[in-house]
Amino acid sequence: MKSRFPTVLFAVPMILILALPLLALLMSSSPATLIEGVQHPLFWDALLLSLWTATVSMALVVLLGTPLSLWMSRRTTRLSRALQQLVLVPIVLPPAVVGIALLQAFTPTGWLGGVLMSIGVQVPFTPLAVVLAQTVISAPFYIQSATVGFRRVDPQYIVVAETLGLSKSETLRRVVVPLALPGLVSGAALAWARAMGEFGATLLFAGNLPGTTQTMPLAIYMALENNIRVSIALAVFLAAACVLVLGLAQWLIPLSQRQRGA
Amino acid sequence: MRWQLTVRYNTSGLLLDVDEQGVAPIVAIVGPNGSGKTSLLQTICGAVQPESGVLSVDNRVFFDASQGVTLTRQDRGVGYVPQGSALFPHLTVIENLLLPWRGTREEGLVVALDYLKELGCAELFHAYPMTLSGGETQRVAMIRALMRQPRVLVLDEPMAAQDVLARKPLRDFFIHHRCRLDIPLFFVTHDARDVVASNAYVLVLNGGRVVERGPVNEVLERTITEFSKQFFERMKG
């Protein structure tokens, strides 16, 4: 006989742990708090900086991560398996470690930073450093999702497309990428949200300079020292932006499948 | 319409070892499950590459290991309908049909609509593959293979999902267009009626090797193996 015990009860503790912080944040904010946050001098600079750096880093991740994901999805060699583990490293490394590592690479006395400095490019403590930190931290989220997306494309579709006369690039553009799109879209949304939330690596590599490298998470941290209400308001807006983008991605994916009559 | 299928390669535990040649325009490949029928078709369209051998169809060499010749899938000019048909799920029927078309879109639309009408499925024009039945999917995939303006047709169980009423029209359809285009046709089937109706040259595969071969009338007469006895049993009665 089928058990009547509602198994959903086992899921409740985890749901509570995940939902409680967000609920607490919402409950501790009010329209007055939000207005105060919006009017704070930190708010707009931090929001705009976060929005453009996260968008640029997502574009970089998609541009550079897609060929890598495609390559890894088609190979089962020892090298590709090792690379698959390697790209996950930024997920498991503490962001502060990534920040220090980036600083060492790009500091004017470092090997790469020295070369860049000689042509007049300074990376640390600039918006470029913000983008780089976000790119390194968020790339694994996209690459992982895109690799799975590409792997789900039945190889038979590729064979058929090529026998139909489509070149390799046409097959990629007209068959493989559209079929892998759910993985690519959700990966890009995850990467964007992760970039928006980046804190540790940005703080160490780009600093916390209002108007230049102070992103939303850093502004929350800074506001916390003086006025927790402003800090809460910033946090609510940041959470809303991330949830909105993830929701948008989740809405877009089934939309494309509904269109196909699924 | 000379063809040569000399291939040898290991495919998931089965050693496909075939050495056949002939001039028949229609070749039916039959045999029990797992005998290598699909693998043989896949070598013709270039889905897999044999370790050694020669593949040539209608005086065009697709593959010759000793000469180092391997024609790309694009250059083979194969109209391939795989098992399950593999219509692209993100494209509508008409988008699937226009994908291989090399002329103008307007010409393509006219040709595609003519084919769809011929098979009685013009109403599927804007449908997505997921909304089609198995039989409709196969018919559309067959039309798509013809839209490629192929130099050889390779069909893997093209009528497996057809009901009794749709079977004959579809069979007549591909036999007619093969004749019109004057191109060779290789197909796999589990139904003796397809083999007899197309008056095909038969290759009976078992365990990766050809165990019987010849024009259908001759194979029908002598039926050496247990498989071909049972396969053609109904046709004799």
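Residue numbers start from 1 in every chain, and the chains themselves are labelled A, B, ... in the order their sequence lines are given, proteins ahead of strands.
Nearest heavy atoms, B:P82 versus A:Q156: CB-OE1, 3.4 Å. Residues A:L164 and B:R148 share a closest heavy-atom pair of O-CG, 3.5 Å.
Between the side chain of A:R174 and the main chain of B:L99, no donor-acceptor pair closer than 3.5 Å is present. The backbone N or O of A:L166 lies less than 3.5 Å from a partner atom in the side chain of B:Q74, making a donor-acceptor pair. No donor-acceptor pair closer than 3.5 Å links the side chain of B:R76 to the backbone N or O of A:T163.
Side chains of B:P89 and A:L179 form a contact here, defined as non-hydrogen atoms less than 4.5 Å apart. Considering only heavy atoms from C-beta on, A:E162 stays 4.5 Å or farther from B:T72 through its side chain.
Environment of CZ in B:R167: crowded, with over 12 heavy atoms of neighbouring residues, nucleotides or ligands closer than 6.0 Å. Counting heavy atoms of neighbouring residues, nucleotides and ligands inside a 6.0 Å radius, atom CH2 of A:W71 exceeds 12 of them. Under a cut-off of 6.0 angstrom, the local environment of CZ in A:R151 is crowded, with over 12 non-hydrogen atoms contributed by other residues, nucleotides or ligands. Within a 6.0 Å sphere centred on CD of A:Q144, other residues, nucleotides and ligands contribute 12 heavy atoms or fewer. Dense packing is recorded around CZ of B:R102, with more than 12 heavy atoms of other residues, nucleotides or ligands lying under 6.0 Å away. Within a 6.0 Å sphere centred on CZ of B:R60, other residues, nucleotides and ligands contribute more than 12 heavy atoms. Around CZ of B:R180, the count of heavy atoms belonging to other residues, nucleotides or ligands within 6.0 Å exceeds 12.
In this structure, the portions of B:R144 lying under 4.5 Å from any heavy atom of chain A include both its backbone and its side chain.
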Test log, rule side-chain contact (heavy atoms from CB on, under 4.5 Å), inputs B:F88 and A:V160: CA-CA 9 Å; B:F88 302 118; A:V160 170; 4.1 Å; yes

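Across A:V159, A:D154, A:I158, the residue that shares the most heavy-atom pairs under 4.5 angstrom with chain B is A:V159.
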